*Asks:* 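The structure is given below, and queries will be raised subsequently.
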Amino acid sequence: MSEAPSRSVQAANAYGRFTEDGREYVITDPRTPRPWVNVISNARAGLVVSQTGSGFTWVDNSQLAVVTRWEQDLTRDSSGRFLYVRDVETGEVWSLSPAPCLPAYDRFECRHGLGYTTFRTALRGVGADWTLFADPEATAELWRLTLTNELLTPRRLELVAFVEWNCGVTPSPRREFTKLFLECERDAGRNAVFARSHMWEVGSERWGHWNTGFPYVSALACTAPVSEAEGDKAAFLGRLGSFAAPEALSGKPWPGLFGRHGDAVGALRVPIELPAGGACELGFVLATAETDEGTRELLDRFGKVEALDASLAAAKARWTNLLAAHRLETPDATFDAFLNDWVRYQAISARIQGRCGYYQQSGAYGFRDQLQDSQVWLTVDPALCRGQIALHAAHQFADGSVYHWWHPLSEMGHVTKMTDDLLWLAFVTAAYVRETGDLSILADRTPFLDDAQPVPLVEHVLRAFERVFRRTSPRGLPYIGAGDWNDGLSAVGLEEKGESAWLAHFLAGLLGEWAELFSRTGEPARAAEFVKRREVLVAAINEHCWDGDWYWRATLDGGGKIGSCENERGRIYLNAQTWAVLNDVAPPDRAAAAMAAVKEHLVSPAGALLLAPAYDRPVREIGYITRYAAGMRENGGVYTHAATWAISAAGKSKDAGLVEKLLAAIDPTRKDPEAYRAEPYVLPGNVDGPDSPLHGRAGWTWYTGSAQWLHRVVCEWVVGVRPELDGMRFDPCLPPSWDRVRMTRPWRGATLDVTVVRDEALVAGTVRVEVDGRALYGTLLPPLPAGATAKVKVSCRPA
Ligand code: GLC
């Protein structure tokens with residue numbers, strides 16, 4: 001939405017910039033206000049790396065199966081894996097990323113890309129180019145390194161790679177206990193050190209608590225010959241040693257302590273001789289597999305520089321190909337790069353695959369969270385969304401309730417009194433059918449957690465609905481229990497008396513949608529029942545939940561309201577307004593009033609606030625939302641996830657000015673890093689609201705459900721290309737500064753090439769659609785023959 005007509009990506013700040021094509025973010029000053037990281041993953045393995053080089057590595061679960069140790073200290077940001085260089089002639093030592101030595105480089109760049117991060121440094125005439133990435137398939141983190149001698153004299157160097165083994169659950173506050181079970185071993189023939197743990201803090205039904213080994217073996221290896229290796233931290237650092245100047249970098253021989261009795265680390269010492277102006281190419285492999293043989297096989301597979309280069313090319317191609325089919329082109333190239341590439345990369349790499357960020361190592365699947373995230377697959381690979389739906393259906397109990405979250409590997413799940421989780425199964429299933437038109441998903445069979453008999457997905461969905469129907473107040477509103485979408489409203493309805501207006505809006509939308517679905521699956525009676533239920537619910541909402549100028553948010557077990565003008569704090573909540581609009585619960589006058597109230601009380605320069613004013617002290621009856629400092633996270637901050645829904649509600653209300661304002665407000669590429677602090681290339685979970693002294697400060701980046709939602713909201717409610725059961729709807733609400741947008745996307749086996757333009761010749765408030773040069777009657781395009789490409793021109797004039 002910038003005024004600049006330029007198609008190249010802009011947005012430079014004091015710390016970095018995007019590359020022209022927007023596919024890399026180049027950090028030139030490592031002293032960013034907060035860590036600016038990359039979350040790199042494939043379907044099983046991953047790593048996080050910040051602009052200092054700090055970070056960690058995991059396989060299958062970023063909390064339960066963490067390979068390398070890391071300390072979550074975002075201020076020091078100096079913990080994890082390191083690569084050191086030592087000049088043998090002078091004894092000078094530095095690191096090839098800022099951590100841990102913080103060298104004053106002659107040249108420095110940290111380039112975060114889709115699937116890799118590269119450190120380009122130069123110091124004392126040694127140029128280094130170090131790229132960290134994960135193979136697209138294998139459980140292997142790979143480091144590709146080029147060292148260049150930029151002087152006119154030959155150089156003798158030593159390269160030292162270091163990791164600290166975790167091999168288990170993280171964080172590990174009982175390191176003195178867990179380290180007793182670690183074992184490390186040198187494999188001189190493979191230039192490698194291996195690590196395993198004989199105890200894993202994940203129980204097993206068969207063998208009991210703390211009585212199984214970590215079910216993986218990890219190894220760090222170098223493609224070049226290794227002169228010495230070390231397996232003990234005290235030997236590496238020296239007494240009271242530091243990572244900035246470890247004893248192992250003092251030129252002395254290494255003791256080489258391995259086995260079961262030390263403090264397990266993995267370090268490799270690699271002698272390097274560089275002729276004047278010469279370079280050397282090498283790499284490291286950090287591999288993890290279920291068995292010794294499996295790990296050895298990975299080391300052998302990636303044991304050559306050529307194999308690393310092929311893997312890096314494949315990792316880059318994977319992201320390019322995945323994101324290529326669905327593209328958006330607005331007048332703002334920076335926004336396009338952010339939305340087309342970074343936001344979807346964030347959703348897939350950090351949320352779906354890694355389930356991890358620098359602010360939170362989770363590893364678990366949130367029942368509602370990854371279901372929503374999986375909508376990112378809908379346009380490019382809907383089968384993956386279908387797979388996610390099946391996975392979540394299998395984490396439902398036969399009474400319709402679900403785990404709030406569960407851990408893959410341990411299958412440990414959390415049973416709560418949250419009341420919305422289960423309904424997201426219905427929500428995302430309906431979204432899948434709207435996109436694909438494929439009702440066969442309803443017959444996909446999965447068991448329940450407590451009943452091994454597989455039943456069709458539609459049965460899972462019905463049990464969820466029935467459970468919610470049973471938990472309804474005498475006046476017809478759903479109970480809120482221990483929270484609905486808002487986890488922090490954790491005490492509002494513990495006695496099952498408190499009601500949720502947001503959940504009522506959410507349910508009303510689903511009832512309408514499933515009524516339509518049932519009318520297509522040959523179940524007219526069920527369809528009619530859902531239509532009726534929706535009517536009754538909408539009537540109850542409008543009878544009881546209207547607060548005068550907006551919808552209140554919930555009632556407490558004790559009877560009071562929250563999100564009401566009767567409250568001093570938490571007087572108005574965002575989702576209670578936006579979802580009333582999105583799900584056609586509010587009659588037109590109330591929809592207009594609710595959106596006006598959003599504008600008056602909740603729109604801030606940082607985005608739409610989740611509620612206002614923030615709570616200023618703990619209120620036990622409401623829950624932990626009130627225990628956050630004022631203006632932080634759900635307590636009156638911009639909760640980006642909900643802020644994206646506000647954009648769809650503005651789009652649905654055809655308030656183009658508000659769409660523009662809200663989109664710009666949460667766009668990280670436009671922020672002043674001193675106030676905003678977090679990465680400019682991904683979305684944060686939250687931004688401090690006006691009741692915080694740090695209004696505008698972003699945090700909890702990467703691991704947020706807002707990434708997928710922003711992409712979807714812009715495509716469906718701003719550009720307005722929105723799948724419905726019977727076809728594709730064209731219903732744009734372009735920000736005033738966008739006069740033209742193009743979107744290409746796959747659709748049910750065909751391809752749509754859509755251009756949306758503003759046309760002042762049209763009657764205000766109308767939309768005109770042409771398909772391959774011919775006028776379409778109305779704005780709904782019926783499905784096309786598979787393989788077809790349709791050129792669609794959508795002309796619109798705002799009201
Ligand atoms: C967190 C949770 C998500 C919840 C949201 C709002 O992001 O993971 O499930 O909806 O907070 O509380």
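In each ligand, atom 1 is the first atom listed, and ligand 1 is the first ligand listed. It should be emphasised that the depicted structure is a prediction, and the values quoted were computed from it without experimental measurement. Throughout, residue positions are numbered sequentially from 1 according to the sequence presented.
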*Asks:* List the atom pairs, donor and acceptor, that lie under 3.5 Å between side-chain atoms in residues 607-625 and the rest of the protein, sequence neighbours left out.
*Replies:*
| unit_1 | atom_1 | unit_2 | atom_2 | d |
| --- | --- | --- | --- | --- |
| Tyr615 | OH | Tyr573 | OH | 2.8 |

*Asks:* Could I get the full list of side-chain hydrogen bond (donor to acceptor under 3.5 Å, both in side chains) partners for Arg386, not counting sequence neighbours?
*Replies:*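 Listed in chain order: Tyr432, Asp438, Ser440, Asp444.
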*Asks:* Closer than 4.0 angstrom, basic N to acidic O: yes or no for Asp487 and Arg368?
*Replies:*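 The answer is yes: the pair qualifies as a salt bridge.
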*Asks:* Before we go on, tell me: are the rings of Tyr358 and Trp702 under 6.0 Å apart, centre to centre?
*Replies:*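 No, the ring of Tyr358 stays outside the 6.0 Å limit from the ring of Trp702, centre to centre.
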*Asks:* Who pairs with Trp700 by side-chain hydrogen bond (donor to acceptor under 3.5 Å, both in side chains), at least two apart in sequence or on another chain?
*Replies:*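 With sequence neighbours excluded, Trp700 shows a side-chain hydrogen bond (donor to acceptor under 3.5 Å, both in side chains) to no residue whatsoever.
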*Asks:* Describe, in one word, how the ring planes of Phe530 and Phe465 are oriented to each other, choosing from parallel (under 30°), tilted (30 to 60°) and perpendicular (over 60°).
*Replies:*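 Rings of Phe530 and Phe465: perpendicular, over 60°.
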*Asks:* Under a 4.0 Å heavy-atom cut-off, which residues neighbour ligand 1?
*Replies:*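 The answer is Arg368, Asp369, Trp485, Asn486, Asp487, Glu634, Tyr639, counting any residue whose heavy atom sits under 4.0 Å from ligand 1.
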